[in-house]
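Computed from a predicted structure; not experimentally measured.
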Amino acid sequence: MIQSKDTQPNNDRFGRPLLGADNPSSTAQGTTPGSFANPTAIGGPLTFSSPDTPGMPEASSRTAWDFLPSGAKLDPSSSMPRCLDASMPSPITQLEHARLGIITDQMNRVAERETHLTPQQVRDEVAAGRMIIPANTVHLSYKLDPMCIGRASRTKINANMGASPVSSGTDEELEKLEWAVRWGASTAMDLSTGGDLDACREAIIQNATVPIGTVPIYSMIIGRKLEDLNAQIILAEIEHQAKQGVDYMTVHAGVLREHLPLVKNRLIGIVSRGGALLAKWMLHHNKQNPMYELWDDICAIMRQYDVSFSIGDGLRPGGLADATDDAQLAELETIGELTERAWAHGVQVMVEGPGHVPFDQIEYNMKLERRLCHGAPFYVLGPLVTDVFPGYDHITSCIGATAAAYHGASMLCYVTPKEHLGLPKKDDVKQGCIAYKIAAHAADVALGIPASRDWDDELTKARAALNWQQHFDLSFDPDTARALHDEDLDVDTEFCAMCGHDWCSVRISKEIQEFVSGKDEQYAWENAKVSAALTIEQKEILQNRGVLSPGQIHALATKTNRTMTGAAASAASDASSAAKLSCHSDYVDPETAKKLQQDELVQLNTAEAHNIPKHDSVI
């Protein structure tokens, strides 16, 4: 006989791998034993991490503390690593403040948003280089709401946008920015390659509450030949964008001249725009990557405005056949060196990661970066786990993104249905954001980040109680959930159109008195309701689906006294009841709800299937 949870000994009889991770539910609701991740260890290299599969690279024992500016000295009287004020330059960046033991306003704001972290923990993670707060001092004077990226925090997602030479413009990109933030984007990157790049970037930064990233090389070559790119142009453009308020910049300094022969036999060569441009420049001039050569000068500019590095992966694989190859890993090794040098300048760093990786290689990729780059936050595109679903790459990539975040990635760059096909439109941005919010949230729950599952638990209780409205209110996209429900049955009652009344296992569980299921008083309800008329958003969702006829959608969107009275008046015993039932937001009795079901759905008598007598005392 299976023992109950209350009587199970500590040595779990089923051998569940409980390693000591926090329970992602703040109140340990339900019967799950909790997270199978590593023990929670905020302040170390294994903070919210997955157990290593045999053969995985070990975490680096080094941090940003091992790469201090020349002449910096640690305070011998401090129990925690702290630099002596006199040995450090006047602090500008979040990293420099953290090294001096200072908790900035931005660190306090991060702790408010990351409720499982204290301001002191935020400061210490920044000081170790495992967390960044991308907050350009110029952008802070506008609307920026400081946030963090690091494995000690919740997983973040980025949305790419930007005008191209053939599509979109500034107004449309501002609309996309607002739309992306609405659907959960933690940061946004302006990747414009056409139109008025300067005006577009300026407008985005001045209106953005989230950090904004760019890839400066795009602007460097507008209006000139790639071959004409030189040190003066590179440094001038980076400084210009820093002055505008860009919070983080992708700089492809890890692609070296000696790496290019390693790309020769790839099926799809170099798929990074920045990587491809710099490879061509190096071959034309027979010189080293100018970004690598100018790294110290670039660091000086970044420090002046507290711009964070997002060190670009110019040799990332563009197909499964090229994943985890020598070219990709050689560049990552160089990125580790660049990370160390940036930290020595007091500049915050995150590292960009690969885009197409077979599922079995994802953990290795995440943990190799953790070792080579000493725990610097990893920011990954996807990765896509298969190449044969163009049009659905938001799905192929969010599968890989979930694994990437569980195994160590701190931020996920979204992929939309338009990936490889064209510039994303408004709905593509929504689909990409939602796919990646799913990936990020799933990873946070798996890692045992405190309270990350509370939201799920509340929705589960609403679902168990068959409280449809609270079910929808708690969902990430209430309009879509409500529209899809009402597409089949526009009554909130004790079943849905998937099972119908007799087959509804949730209803049966709720009726079994011995079960807790569905009995939370917070989600109790008494009478079935005809749902409210569709909102404009819900109407558009059903129109785009194309399942219902225009007439059916119109009826759901324009419910009137006449139509509701027709559905419910026969069940009313008097005129006042009929008037009440005619209102689309008021009650219908259970028998009317069943009649609506009978009119629309195939009915089955399931008493025998459940082997439960009609008047069983348990029910």
Side-chain angles (χ1 to χ4, degrees), residues 12 16-25 33-67 79-81 95 98 110-111 114-118 120-133 148-156 332 335-336 339-340 343 348-351 353 360-380 401-412 439-453:
D12 187 78
R16 288 173 288 200
L18 299 172
L19 304 178
D22 283 339
N23 191 317
S25 167
S35 169
F36 292 167
N38 280 327
T40 301
I42 297 173
L46 299 182
T47 298
F48 297 123
S49 62
S50 65
D52 287 352
T53 299
M56 291 298 113
E58 293 183 359
S60 174
S61 61
R62 307 178 83 183
T63 70
W65 283 111
D66 294 291
F67 305 98
S79 59
M80 298 291 290
L95 176 57
V110 166
E114 304 284 341
T115 55
H116 63 288
L117 297 176
T118 65
Q120 292 77 14
Q121 288 173 322
V122 171
R123 175 199 60 201
D124 293 346
E125 287 297 293
V126 171
R130 290 187 296 263
M131 177 181 288
I132 68 169
I133 300 175
C148 71
I149 302 166
R151 194 53 279 166
S153 67
R154 295 188 182 224
T155 307
K156 306 305 190 297
L332 182 59
I335 289 173
T339 298
E340 298 169 3
W343 281 341
Q348 301 185 91
V349 177
M350 66 178 169
V351 173
D360 60 297
Q361 297 179 17
I362 292 174
E363 180 183 1
Y364 174 80
N365 274 265
M366 301 305 108
K367 291 178 176 176
L368 182 64
E369 185 276 345
R370 182 180 67 182
R371 179 169 185 79
L372 295 179
C373 302
H374 314 300
F378 207 11
Y379 165 33
V380 302
T402 307
Y406 179 62
H407 291 305
S410 300
M411 186 160 76
L412 309 172
H441 182 62
D444 289 346
V445 172
L447 289 168
I449 292 182
S452 59
R453 208 190 70 219

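Separation of the His374 and Phe67 ring centroids falls under the 6.0 Å cut-off. With ring centers used as reference points, Phe48 lies under 6.0 Å from His116.
A donor-acceptor pair under 3.5 Å is absent between the side-chain atoms of Asn23 and the main chain of Gly34, judged by distance alone. Within the 3.5 Å criterion, the main-chain N or O of Gly375 finds no donor-acceptor partner in the side chain of Arg130. Without hydrogens or angle criteria, Ser60 side chain to Leu372 main chain gives no donor-acceptor distance under 3.5 Å. Within the 3.5 Å criterion, the main-chain N or O of Gly353 finds no donor-acceptor partner in the side chain of Glu369. Of the possible donor and acceptor atoms, none in the side chain of Thr339 sits under 3.5 Å from a partner among the backbone N and O of Cys373. A side-chain donor-acceptor contact under 3.5 Å links Ser35 to the backbone of Ala446.
Taking both residues in full, the closest heavy atoms of Ala127 and Ala64 are given as O-CB, 3.5 Å, listed atom of the first, atom of the second, then distance. In terms of heavy-atom proximity, Tyr406 sits nearest to Leu447 at O-CD2, 3.4 Å. Between Ala128 and Thr63 the shortest heavy-atom distance is O-CB, 3.3 Å. Closest heavy-atom contact between Ser49 and Ala37: O-CB, 3.4 Å. Considering every non-hydrogen atom in both Met131 and Ser153, the closest pair reads CE-CB, 4.2 Å. Annotation for Leu19 and Pro51: closest pair CD1-CG, 3.5 Å, computed over non-hydrogen atoms.
Classification of Asp52 and Arg370 as a salt-bridged pair holds, one side-chain N sitting under 4.0 Å from a carboxylate O.
Thr118 OG1 to Asp124 CG: the interatomic distance, rounded to the nearest 0.5 Å, is 7.5 Å. Note: Glu125 CD to Ile149 CD1 = 14.0 Å, rounded to the nearest 0.5 Å. The distance from atom OG1 of Thr40 to atom CD1 of Ile449, rounded to the nearest 0.5 Å, is 9.0 Å. Residue Thr47 holds its OG1 atom at 6.5 Å from CD1 of Ile42, rounded to the nearest 0.5 Å. To the nearest 0.5 Å, the span separating CE on Met350 from CD on Gln348 amounts to 10.0 Å.
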Go through the steps for Val351 and Tyr379 under the test side-chain contact (heavy atoms from CB on, under 4.5 Å), then give the verdict.
CA-CA 6 Å; Val351 173; Tyr379 165 33; over 6 Å; no
Apply side-chain contact (heavy atoms from CB on, under 4.5 Å) to residues Met366 and Val380 and explain how you reach the verdict.
CA-CA 9 Å; Met366 301 305 108; Val380 302; 4.0 Å; yes
List the steps and the verdict of side-chain contact (heavy atoms from CB on, under 4.5 Å) for Ile132 and Val126.
CA-CA 6 Å; Ile132 68 169; Val126 171; over 6 Å; no
Would Lys367 and Ser50 satisfy side chain to side chain donor-acceptor pair (under 3.5 Å), going step by step from the backbone distance to the final call?
CA-CA 10 Å; Lys367 291 178 176 176; Ser50 65; 2.8 Å; yes
Output, in order, the C-alpha distance, side-chain angles, deciding distance and verdict of salt bridge (charged side-chain N to carboxylate O under 4.0 Å, His left out) for Lys156 and Glu114.
CA-CA 12 Å; Lys156 306 305 190 297; Glu114 304 284 341; 2.7 Å; yes
Apply side-chain contact (heavy atoms from CB on, under 4.5 Å) to the pair Phe36 and Arg16, showing each step before the final yes or no.
CA-CA 8 Å; Phe36 292 167; Arg16 288 173 288 200; 4.1 Å; yes
